[in-house]
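So the structure is just underneath, and the comments pick up after that.
Letters go in sequence order (proteins before strands), and every chain restarts at 1.
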Protein chains: 4
Amino acid sequence: MSARRAQISPWAPFEDRRRARDEKKHAVLRMAARLFLDVGYHRATLNDVATRLNITKPALYNYFRSKEDILEECYRLGQQMVDEAIAAIDAEGGDGLTRLRKLIRAYAQLMTIDFGMCLVRLDDRELSEEAYRRVRAEKRQDDLAFRRYIEAGAADGSIVACDAKLAAFAIAGSLNWIGHWYRADGAYSADQIADHFANLLTTGLEAKSARARSPSGKNAQKTSTEPGNRSRKISP
Amino acid sequence: MSARRAQISPWAPFEDRRRARDEKKHAVLRMAARLFLDVGYHRATLNDVATRLNITKPALYNYFRSKEDILEECYRLGQQMVDEAIAAIDAEGGDGLTRLRKLIRAYAQLMTIDFGMCLVRLDDRELSEEAYRRVRAEKRQDDLAFRRYIEAGAADGSIVACDAKLAAFAIAGSLNWIGHWYRADGAYSADQIADHFANLLTTGLEAKSARARSPSGKNAQKTSTEPGNRSRKISP
Amino acid sequence: MSARRAQISPWAPFEDRRRARDEKKHAVLRMAARLFLDVGYHRATLNDVATRLNITKPALYNYFRSKEDILEECYRLGQQMVDEAIAAIDAEGGDGLTRLRKLIRAYAQLMTIDFGMCLVRLDDRELSEEAYRRVRAEKRQDDLAFRRYIEAGAADGSIVACDAKLAAFAIAGSLNWIGHWYRADGAYSADQIADHFANLLTTGLEAKSARARSPSGKNAQKTSTEPGNRSRKISP
Amino acid sequence: MSARRAQISPWAPFEDRRRARDEKKHAVLRMAARLFLDVGYHRATLNDVATRLNITKPALYNYFRSKEDILEECYRLGQQMVDEAIAAIDAEGGDGLTRLRKLIRAYAQLMTIDFGMCLVRLDDRELSEEAYRRVRAEKRQDDLAFRRYIEAGAADGSIVACDAKLAAFAIAGSLNWIGHWYRADGAYSADQIADHFANLLTTGLEAKSARARSPSGKNAQKTSTEPGNRSRKISP
DNA sequence: GATGAATGAGCCTTCATTCAT
DNA sequence: TATGAATGAAGGCTCATTCAT
């Protein structure tokens, strides 16, 4: 088989190997993230991580330079998803309220997966000075995205005038908190939470005229499938 | 002075000594809390704590049985303040919305002081099994207080019908997050933050009739001093 | 007794404690130096050092910050003795040949004790960048002392004209080598070696007139006791 | 080329292969020696060695059984050159002083090349018990060669009576030290150093009659090229 | 009450070496 | 022959905790 594949592409074996390596690396990351979240970064030993992957501790060093390097990657993966969400929302356009709701929904969803949780539950002070600064800067960017949308909404009339900074903090806080209480086997699915929070956190911000203008338009672009009128389910 | 008191009562010196001891114990707690918050529980060594108090590490063991014991006390002090706030609010009565706003205001203020921050920024899994369970239970009670007020508000018509559990999570999340971003030398005072958030987090929940019913009554019992109509300041 | 001593000097206990500490620290250094020399720096583990001192590994960290710190101290102690020897010789004065012989004798003796051996048998690249530079600079100073005396001798006529740099290397090399082959239970005492080398390494350098000038003066200030005419014993 | 040779002799490719292998093996040795000297045996990892050769670590095991095996070979190559020098000198004959000077010159030259330096700068205790004993025995033989020549010189009148053992130590020490301070880009060439030391280290040993007997004969067989009268260059 | 000293437990990391491919 | 991956062994270091003084 490998002979046949070699005819198709002499690079296939290379690719295979690289992919296998990347997959293993990712498996380490997933396990590490799980453990970091479950017991905390400090109490999660590399031995734990390795043992649960059926390898030995030094084997981890084939993929990462240090424990902190693993942590850094966890942050990177989580942050990357946030970045992509923001970039997509920015690309799609729409008024401030619409974009804010999209971001809330996307961010809420991220808070229900491990790498997203890592962003808000792990202590970034464990990172090296350099990585710490990078992560902090990225987090600030995320917060600024919320603020940007609020301010845009205030400008385009979709959101009432308010202190954008505090409002962004309030929203981000609500969302980050999801990473602490969400359980995959809990009462709410990630989608449900995302929808609920998109409503919950923007009802107070909606400009009255906006409500008049687009009574249901606010839901026009939401990605999640939802049966019937959500506003009846989560009324505030 | 203590010499005079000694003549009056042989017990006084004993009292003095006990008070001095309590003061020292409290000083340790304050310093430990600061350090735990500043660098993280694990990275804050007892040596650090002791050195900053101009004593030596073993001296700490005169006041606490272990590092974890110190952590436990930090939680206890923080939790006690929350409990007292809730108890006071419950004692005062009022409709759901009013009580909710009071709690938000009180909780927000707590998030700006060290022991309050400890509640939400330190990792309670460092605690012993027993303390962990206690702390978790208490945190659940706090959350239930939010939920109770929301449900009460829904029942008494001051708050719109909504998913009380999620709404409580959203509010608690916003407030807990204060403990992460608040800076004593920042742009907002604790009072300002408390007021802003009390508004921000309830505007979406206010039943329309409620607004009509008690345009300013909601602020009747608030503790913070505020000039004029707050709703003009924080409009959303 | 401690009560009596306290009357004599309330600081005595303090002094005692400090002395005890210094003694222990020195004991660690001696043992570490021995071990470093015996098996090499890398193969000498801190466990070895500690065990031979009937303590445990972490106890060493009461006296030193790291293994490298211990190594650094070994160098420092050895270097200090060399410095003192040079300083004393410089203070005493004398012509170049006389001073050179004194230095040879002193340096040879140092090569027979542990901390002296450390200077030439341990690898200074194990040191931190900073300590490495310091040690290197000091070694250069030592070498320059040899060179200075040779040049002084050439100037004052006690030593024949020669390439001082190479001559200093040759002498230093001979002496350093002692640190490698000397055995306390060997055929030669440190004194004997020192005397032999003082002669051996300077016979070729003696200016002929010098021999005439001071047939025995060169030995006038030597510290070692030697019976009769050394030049008959070690004739070259 | 290898194709043509293959027609001539079926063994040639085999030879080619063996030679290629030997060349690679030698390349490994050279690089390893360099690295061992540069950073020390312990701090030079096999990864370093391999990387600098553009191969990978396990590839080294095609040529050597272990890291220690590499070290052993370094010693062997260095020792072999010393042995050959001694054998050649013994074969050529001459009086003690002449042979001593030849050995000094040859040994000094060896101290300026890597494998020679390995002999005196690496720690032979890293070797296995067996190799260690062998290396030690060989080093003793080298030292005995110095001693032999000195004693022969004393017997044949070319060298003054002296303690041959110590004199040999002194000379060997001077020479070994070259391995520590020599720099290829330094002020002295290997030849210059060899010449200087041959004079420097024997001037004190020359029997007075010897100088009279053979004013220039001592240089008759020297291998290094030297313009004019060396004794003028290095006068001591 | 406070201190210096010591300890035990534990973790990250390195590296020579092996093995399947 | 060469490689990527994995391992076992070991060492340095940290820190909460205890104990004699």
Side-chain angles (χ1 to χ4, degrees), chain A residues 2 13-14 16-18 20-21 24-25 42-50 53-70, chain B residues 17 20-21 24 41-50 53-71, chain C residues 2 13-14 16-18 20-21 24-25 42-50 53-70, chain D residues 17 20-21 24 41-50 53-71:
Chain A
S2 116
F14 269 150
D16 275 9
R17 207 173 262 189
R18 199 163 62 83
R21 183 184 170 79
K24 286 183 188 172
K25 178 168 181 168
H42 262 112
R43 321 218 322 195
T45 75
L46 291 191
N47 233 340
D48 291 340
V49 178
L53 291 166
N54 290 320
I55 59 176
T56 59
K57 190 168 38 167
L60 298 175
Y61 286 81
N62 277 324
Y63 308 102
F64 301 94
R65 286 190 309 278
S66 66
K67 188 184 184 186
E68 190 241 316
D69 190 23
I70 298 180
Chain B
R17 206 177 287 170
R21 182 185 166 82
K24 286 184 188 174
Y41 177 73
H42 261 112
R43 315 201 349 180
T45 73
L46 290 190
N47 234 338
D48 291 340
V49 178
L53 291 166
N54 291 319
I55 58 175
T56 60
K57 188 164 47 165
L60 297 175
Y61 285 82
N62 284 322
Y63 308 105
F64 299 95
R65 286 189 314 278
S66 67
K67 189 183 183 185
E68 188 242 315
D69 190 21
I70 298 180
L71 179 62
Chain C
S2 117
F14 267 150
D16 275 7
R17 208 173 262 188
R18 198 164 62 82
R21 184 183 170 80
K24 285 184 189 172
K25 179 168 181 169
H42 261 112
R43 318 206 342 183
T45 73
L46 290 190
N47 234 338
D48 291 341
V49 178
L53 291 167
N54 290 320
I55 57 176
T56 59
K57 190 167 41 169
L60 298 176
Y61 286 83
N62 277 323
Y63 307 102
F64 300 95
R65 287 189 310 278
S66 67
K67 188 185 183 184
E68 190 240 315
D69 190 23
I70 298 181
Chain D
R17 206 176 290 168
R21 183 187 165 81
K24 286 185 187 171
Y41 176 74
H42 261 112
R43 316 203 344 181
T45 75
L46 290 190
N47 234 339
D48 291 339
V49 177
L53 291 166
N54 292 318
I55 59 175
T56 59
K57 189 165 44 165
L60 297 176
Y61 286 81
N62 284 322
Y63 309 105
F64 300 95
R65 290 189 312 278
S66 67
K67 189 185 184 184
E68 188 242 316
D69 190 21
I70 298 180
L71 180 62

If you look only at pairs with a residue in residues 53-63 of chain A, which of them pass as a salt bridge (Lys or Arg N to Asp or Glu O under 4.0 Å), with sequence neighbours excluded? none
If the condition is salt bridge (Lys or Arg N to Asp or Glu O under 4.0 Å), which residues does C:Arg21 pass it with, not counting sequence neighbours? none
Per nearest nucleotide of DNA chain F, the residue lying toward the 5' end, A:Ile55 or C:Asn47, is A:Ile55
Can you check whether A:Leu46 reaches A:Ile70 side chain to side chain, under 4.5 Å on heavy atoms? yes
Among residues at least two apart in sequence or on other chains, which ones pass side chain to side chain contact (heavy atoms under 4.5 Å, CB included) with C:Lys25? C:Tyr63, C:Phe64
Grab the stems for DNA chain F, please: at least three consecutive Watson-Crick or wobble pairs, both distances below 3.5 Å, written as range with range. E:2-21 with F:2-21
Between B:Arg21 and C:Arg21, which has a closest nucleotide on DNA chain E that is more 5'? B:Arg21
Nearest atoms (heavy-atom pairs only) where C:Thr56 meets C:Ala50: C-CB, 3.5 Å
Could you tell me how far apart C:Lys57 (NZ) and E:dG10 (C1') are, to the nearest whole angstrom? 10 Å
Of D:Pro58 and A:Thr56, whose nearest nucleotide on DNA chain F comes first from the 5' end? D:Pro58
Got a sec, which residues hit salt bridge (Lys or Arg N to Asp or Glu O under 4.0 Å) with A:Asp69, two or more places apart in sequence or on another chain? A:Arg65
Could you state the interatomic distance from OG (A:Ser66) to CD (A:Glu68), rounded to the nearest 0.5 Å? 5.0 Å
With a 4.5 Å heavy-atom cut-off, do D:Tyr41 and C:His42 have their side chains touching? no
Between which nucleotides of DNA chain F, read 5' to 3', does contact with chain C run, using atoms under 4.0 Å from its heavy atoms? F:dG11 to F:dC15
Given atom CG of B:Leu46 and atom C1' of E:dT3, what is their separation to the nearest angstrom? 15 Å
Output the residues of residues 60-69 of chain B in contact with DNA chain E, where contact means a heavy atom of the residue under 4.0 Å from an atom of the strand; sort by number or write none. B:Asn62, B:Tyr63
Is B:Ala44 touching bases, backbone alone, or none of the nucleic acid, heavy atoms closer than 4.0 Å? sugar-phosphate
In chain order, what residues pass the side chain to side chain donor-acceptor pair (under 3.5 Å) check against C:Thr45, with sequence neighbours excluded? C:Asp48
Name the nucleic acid region contacted by A:Lys24, choosing base, sugar-phosphate or nothing; use a 4.0 angstrom heavy-atom cut-off, strictly under. sugar-phosphate
Heavy atoms only, 4.0 Å cut-off, all strands: where does B:Arg43 land among base, sugar-phosphate and nothing? nothing
